[in-house]
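What follows is one structure encoded as structure tokens, with my remarks underneath.
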Amino acid sequence: MGQESASGARSRHRRRQLAGRGSAVRLNQLGILPGQIDATFITHFHSDHLNGLPDLWTLGYIGRPNVRCTKPLDLWGPTGIKRITDAMCENYLDDVKIRTVDEKVAPTGTEFAAHEFAGDGVVFDRNGVRVTAFAVNQGEFIHPAYGYRIDFNGHAVPLPGDTRFDQKPDCARFRARSGRIVRRGRSEES
């Protein structure tokens, strides 16, 4: 989700984030290593919302041994995200084979745990962080497309992504409960 991916919502010492262009760079600027991310959310399948994913994934398993991922990267997205992660694993198969033998990278750290959903509703609920997906208007031909509402510690932030303005009841309901909306990296009063 473009620049919105820079901050993520925090719960204890783990982070949740959205994977768009420059995700790994933005995380590094914040002092967060890709291996510290325990949940990543994809809104839709435009390249600018996916092209940060390979860096986030591979830098998680090729980092310094003391901070490498040893478990699969948890990834949430609309139906189709598993097909995308399977293709990524196929594309990086030689890299994974070499690094597991040569650098003793944990094989489970080179995997994805892709969680697909096909409609509005809670898609993530851990350690006091609840993420609810809601369909958004990305355009006539862009389906599936979802935004996320992140609830934590009595606060809520809707992240609709770079969607078109939409007053349909579901979108308005997610916005109204929080009072703020984050769109393309800037926060606005709703």
Side-chain angles (χ1 to χ4, degrees), residues 1-12 14-24 26-27 30 32 34 36-53 55-57 72-85 112-139 142-190:
M1 217 187 239
Q3 301 304 315
E4 293 158 288
S5 61
S7 59
R10 296 178 187 208
S11 172
R12 300 184 188 199
R14 305 298 286 182
R15 280 101 174 159
R16 281 83 179 142
Q17 91 135 35
L18 303 154
R21 183 178 1 195
S23 295
R26 297 286 180 238
L27 289 169
L30 292 168
I32 300 169
Q36 294 175 292
I37 301 300
D38 65 0
T40 301
F41 300 89
I42 302 298
T43 58
H44 63 286
F45 303 139
H46 273 157
S47 60
D48 61 322
H49 292 250
L50 292 171
N51 64 12
L53 189 56
D55 282 347
L56 181 66
W57 173 54
L73 175 63
D74 267 329
L75 181 69
W76 278 260
T79 301
I81 196 64
K82 177 141 179 37
R83 175 185 47 79
I84 289 168
T85 59
F112 285 98
H115 308 275
E116 293 185 324
F117 57 86
D120 293 0
V122 175
V123 296
F124 180 93
D125 196 352
R126 286 190 205 159
N127 301 322
V129 176
R130 174 176 283 174
V131 178
T132 305
F134 57 96
V136 295
N137 180 3
Q138 190 50 250
I142 306 164
H143 301 282
Y146 286 87
Y148 296 99
R149 176 188 157 106
I150 302 172
D151 289 278
F152 175 68
N153 200 24
H155 301 281
V157 177
L159 301 170
D162 56 355
T163 61
R164 296 176 182 180
F165 183 75
D166 194 339
Q167 277 293 3
K168 77 178 190 180
D170 287 344
C171 287
R173 176 173 51 98
F174 284 107
R175 179 186 292 195
R177 284 194 263 162
S178 71
R180 297 191 79 64
I181 190 163
V182 176
R183 194 181 293 281
R184 291 190 183 232
R186 58 183 194 276
S187 180
E188 307 165 352
E189 295 292 332
S190 63

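I37 CD1 to I32 CD1: the interatomic distance, rounded to the nearest 0.5 Å, is 5.5 Å. Here the straight-line distance linking atom CG of L30 with atom CD of Q36 works out to 11.0 Å at 0.5 Å rounding. In this structure, the separation between NE2 on H143 and OG1 on T79 is 14.0 Å, given to the nearest 0.5 Å. For the atom pair T40 OG1 and L53 CG, the distance stands at 7.0 Å (nearest 0.5 Å).
The shortest non-hydrogen separation linking A113 to P72 is N-CB, 3.8 Å. In this structure, N127 and F152 approach most closely via the heavy-atom pair O-CE1, 4.2 Å. The two atoms that bring F45 and G80 nearest to each other are CZ-C, 3.8 Å, heavy atoms only. Counting all heavy atoms, side chain and backbone alike, D125 lies closest to V122 at CB-CG1, 4.2 Å. For R83 against E116, the heavy-atom pair with the smallest separation is N-OE2, 4.4 Å. When all heavy atoms of A156 and R149 are compared, the pair lying nearest together is CB-NH2, 3.2 Å.
Judged purely by atom type and a 3.5 angstrom limit, D55 has no side-chain atom pairing as donor or acceptor with the backbone of S23. With hydrogens and angles disregarded, no donor-acceptor distance shorter than 3.5 Å links the side chain of Y146 to the backbone of I42.
Ring pair W76/F117: centre-to-centre distance not below 6.0 Å. The ring of Y148 has its center no closer than 6.0 angstrom to the ring center of F124.
F112 pairs in a side chain to side chain contact (heavy atoms under 4.5 Å, CB included) with only one of the listed residues (D74, L75, I84, I81), which is L75.
L56 has its side chain within reach of L27: a pair of non-hydrogen atoms, C-beta onward, lies under 4.5 Å apart. You'll find the side chain of H46 reaches within 4.5 Å of the side chain of I142, heavy atoms only.
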